[in-house]
Structures are given as structure tokens and as C-alpha cells.
Amino acid sequence: MKEIVYEDIVESLGEGVVGVDTGMRVVVFNQTAEKITESSRSQVLGRNVKEVFARDGWLFNLFEKTLTQGSLFTEYEETLHRRFSGPVPVGVTTSQVFSSEGRLIGAVALIRDLSGKKSLETGSLRKERLAYIGTFASNLAHEIKNPLTGIRGAAQFLSRRFTDESLREYVDVIVKEADRLNAILNELLNFTRSRRLRLRNINIHRILDTVVLLIKEAEHPAGLEIIREYDPSLPEVYGDENQLTQVFLNLVKNAREAVGEGGRIWIRTRMVTDFYLFERGSRGGKTVAVEIEDNGCGIEPDELEKIFTPFFTTKPGGSGLGMPISLKIIKEHRGLLKIDSQPGKG
């Protein structure tokens, strides 16, 4: 039986291990460190840690304080830049390294990828926030609806009594704005109300084709091209046809509004195997994935964080409830809704 050596243990750790000598040169860089940073150890070993992590001066400072001051850091949370992908949240623990004679020979940092943890925390906070907002919004909508009906009725009565067309025009504005506010309140109630799903086996491609037809019939930018790339082997899915149609119509409509003239929208379907949702009681298995991609203006990072927040919108006249309602419907189907976007890249 092969004897386990220290190098094997270091390479097998789930945390990234970065070790430096007293001259701040990298001497240890395990496989997990390569994976987290997307950098090869052949490009890192022997180089100064300040040069290796040029965009992450905070990590150099941790090493420096650990070496020179003996300061040890435990689960220090920061954002680490990667070579190819975007930044990743990490937790860093540092320690001094001594020789068998007790001489200080360097420092080591354990780097843990926190992206999964942060995603779960964000989802949990969003769920709690939506529950609170839902209760508040439902009560508010009911309180507003009754006086709004009275305002509209009174405006209609006045409209019939006025003979002066200029005055009637102002009253018509009141009626129109009351109808618009009522539509927003109905959206709000749809968001807060728990509706029973009418689940049955449905063809997801038929739903998507219906959505494309609705988009094409509506007014849209000139030269818009919708490309469908369906997996013909997909089985039927178990869901509520009307509610899923609402979700995909909202997503494709958002894509249409983002692309402008001469834009493209891709609708793809595929099978995902061994996919696990981080929900209590869920099990791994086959999942149908629907991807909607566009070549539009993209979404700014600060806006992307708020996209599922009720009433947040960047559109003139938008209610800011389309995406929260879509997320709610997908969650009720025990599904996952994720948005990836970069400014200028769709």
C-alpha cells in the first residue's frame, strides 16, 4: 500500500492552499488554488505574491501582516479576481509556517470558495424579503382598490355631465390613469396571491412556439430575428401551461426590448442530468433547461442584483413586477431561474 505523503494531503484539500516563503515568493499552490484562481501553478511558483495577485492587494496585505506581525486571519471574506471568469467571493485563513527548529520560514493561506454559500444566503434573504413584501403589498392593494373604484366612477359621472370638451378631456385622463393604476394593483395581487397550479404533462416546445407567435404579432423592432434551437428528444414536462407561458412571454419580451433594431434572440432547450436544486426534500434527476439569450444592451451589475426585487424597473411605465412574478412561478414549479448578463454583451 502506497504511503500517504504530505503533498498528497495538500493536493486533496477542498480549499486552495497558497504558501509563501519569507521573501513573499509563492512556493505552494495546490490544485484547488489553480481551480479557484484559474491560474496554473507553473505560472505562479517562484513569483512574488504581490505580482501573482496584482488585482487583489488585500491578499498581499494578509500575507505581509501574517509574516511580519504574526497576525492570523480566520475566514477573512473578500472578493478574489480570477484569470478568465468574473470575481468570486472567498474566505481566507492564514497562518505562519515554522521549521522543525522553530524558525519562521513562511506563511500559508487557505482559500475557500464561498460562491455556493453566498448564493444560498442570497436566495434565503430574497425569500424572506419577498414574503414580507408580499403580505404588505397585498394589504395595501386591497386598501387602494376600493377608493380607486370610487374615483373612477365619480370621474365617469362627471364626464357625462360636462359639455365643455376641454374639461371632459381632463376627466378622461383621470379615468385612464385610474385604469392603469388598477392594472398595476391586479399585477400586485397576482404576485402576492397563492394560486393553485393546474399541473399536467405539457409540451414545452408548444408553449415556446406560442410565445414566439405572440411576440411576432405584437409591435417589435424592425429586423428582429428569433432563432429556435430545440432538442427534439425532450419529454413532456409536468407543469401549469398558462403560468409557464406567462414566464417565457415575460422573458422573451424583456429580450425583445433589450435588442432594438436588427437584434437576435435565441431560444434553446436541452436536457440536464443529475441536476440538484438546493431545496429541502429535492432529489437529483433529469431537468429540462430553457435558455433565452439575446445580443442586446445587457444589464449593469448593480441592476442585476435588484432584478428580482419587486417594483424595481428601468423601463418607463414599468411596474417592476414581471421578474418577481416569473421567479415565484418557477419556484412553485420547483425550478430555478438564473440570469447572467454583462453590459454590451446581452
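Note that the structure is predicted; figures quoted are calculated from it, not measured.
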All side-chain hydrogen bond (donor to acceptor under 3.5 Å, both in side chains) counterparts of T94, not counting sequence neighbours: T66
Partner residues of Q342 under the side-chain hydrogen bond (donor to acceptor under 3.5 Å, both in side chains) criterion, sequence neighbours left out: none
- request: Could I get the full list of salt bridge (Lys or Arg N to Asp or Glu O under 4.0 Å) partners for D209, not counting sequence neighbours?
  value: R228
- request: List in chain and number order the residues that pass side-chain hydrogen bond (donor to acceptor under 3.5 Å, both in side chains) with R83, two or more places apart in sequence or in another chain; answer none if no residue qualifies.
  value: Q43
message: Run the side-chain hydrogen bond (donor to acceptor under 3.5 Å, both in side chains) test against T68 and tell me which residues pass, sequence neighbours left out.
response: none
- prompt: Do any pairs count as a salt bridge (charged side-chain N to carboxylate O under 4.0 Å, His left out) and have a residue in residues 10-30, sequence neighbours left out, and if so which ones?
  reply: E11-R41, D21-R25
field: Backbone N/O of K50 and side chain of N48: donor-acceptor pair under 3.5 Å
entry: yes
- request: Evaluate the ring planes of H205 and Y230, with Trp represented by its six-membered ring, and classify them as parallel (under 30°), tilted (30 to 60°) or perpendicular (over 60°).
  value: parallel
- prompt: Between T32 and V17, is a side chain to side chain contact (heavy atoms under 4.5 Å, CB included) present by the stated rule, with each step listed?
  reply: CA-CA 7 Å; T32 306; V17 179; over 6 Å; no
field: Pair E241-R198, salt bridge (charged side-chain N to carboxylate O under 4.0 Å, His left out): steps then yes or no
entry: CA-CA 8 Å; E241 183 170 353; R198 297 180 179 180; over 6 Å; no
Exercise: do S326 and N250 side chains pair donor with acceptor under 3.5 Å: yes
field: Sequence-distant partners of T74, side-chain contact (heavy atoms from CB on, under 4.5 Å), two or more places apart
entry: T93
Report, one line per pair, each donor and acceptor closer than 3.5 Å where one atom sits in a side chain of residues 288-301; sequence neighbours left out.
unit_1, atom_1, unit_2, atom_2, d
E291, OE2, R270, NE, 2.7
E291, OE2, R270, NH2, 2.7
E293, OE1, R268, NH1, 2.6
E293, OE1, R268, NH2, 3.2
D294, OD1, G296, N, 2.7
N295, OD1, R264, N, 2.9

query: S71: what forms a side-chain contact (heavy atoms from CB on, under 4.5 Å) with it, not counting sequence neighbours?
result: K65, Q69, F73
- request: Not counting sequence neighbours, which residues clear salt bridge (Lys or Arg N to Asp or Glu O under 4.0 Å) with D179? List them please.
  value: R152
- prompt: Considering residues at least two apart in sequence or located in another chain, which fulfil the side-chain contact (heavy atoms from CB on, under 4.5 Å) criterion with N242?
  reply: D240
- prompt: Taking the hydrophobic residues Ile, Leu, Val, Met, Phe, Trp and Tyr, and joining any pair whose side-chain heavy atoms are under 4.5 Å apart, which ones share a cluster with F157?
  reply: none
